[in-house]
Chemist: 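Handing you this structure, nothing more for now.
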Amino acid sequence: MKIKDIRNMTNEELNAKLASTKAELFNLRFQHATGNLANPMLLNTLKKDIAKIKTVLTEREMNINSNKKAKA
């Protein structure tokens with residue numbers, strides 16, 4: 001997933017995507033532990049996607065907080 005696509009999503013979409021990505025990572029970890037995982041690089045890709053989503057959410061949260069401080 002590209003950061004440009006993530007930045008175009010709304011906060012609700014990002015939270016939903018974050019939850020589904022975490023669930024998928026959880027399932028892939030079980031597959032990896034049992035030796036059934038076909039592509040182990042998916043683990044790294046999902047971890048990076050989760051980090052990107054969290055980064056965008058944090059940036060938006062800080063931007064909202066800085067706007068509130070500027071208005072006060």
Chemist: Roughly how far, to the nearest 0.5 Å, is the CG atom of Asn11 from the CD1 atom of Ile53?
Modeler: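 Going from the CD1 atom of Ile53 to the CG atom of Asn11 covers 12.0 Å.
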Chemist: Hey, what do you get for CG (Leu46) to CD (Glu24), rounding to the nearest 0.5 Å?
Modeler: 4.5 Å
Chemist: Find out whether Asp49 and Thr45 are in side-chain contact, i.e. whether some heavy atom of one side chain is under 4.5 Å from a heavy atom of the other.
Modeler: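 Yes, side chains in contact.
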Chemist: Quick one: are Ile6 and Thr55 in side-chain contact, heavy atoms under 4.5 Å?
Modeler: no
Chemist: Which heavy atom of Met9 sits nearest to which heavy atom of Glu13, and what is that distance?
Modeler: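 Minimum heavy-atom separation between Met9 and Glu13: CA-OE1, 3.3 Å.
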Chemist: Nearest 0.5 Å please: distance from the CG atom of Leu43 over to the CD atom of Gln31.
Modeler: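 Answer rounded to 0.5 Å: 9.0 Å.
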Chemist: Any chance you could measure Lys17, atom NZ, to Leu57, atom CG, to the nearest 0.5 Å?
Modeler: 13.5 Å
Chemist: Nearest heavy-atom pair of Arg60 and Leu14: which atoms, and what distance?
Modeler: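 Where Arg60 meets Leu14 most closely, the heavy atoms are NH1-CD1, 3.4 Å.
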Chemist: Is there a side-chain contact between Met1 and Thr21 in this structure, where contact means two heavy atoms from C-beta onward sitting under 4.5 Å apart?
Modeler: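 The answer is no, as the side chains (C-beta and beyond) never meet within the 4.5 Å cut-off.
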Chemist: To the nearest 0.5 angstrom, please state how far the NZ atom of Lys22 sits from the NZ atom of Lys54.
Modeler: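 Lys22 NZ to Lys54 NZ: 4.0 Å, rounded to 0.5 Å.
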Chemist: Rounded at 0.5 Å granularity, tell me how far CG in Leu28 sits from CG in Asn36.
Modeler: 11.5 Å
Chemist: Search all heavy atoms of Glu59 against all heavy atoms of Arg7 and return the closest pair with its distance.
Modeler: OE1-NH1, 2.6 Å
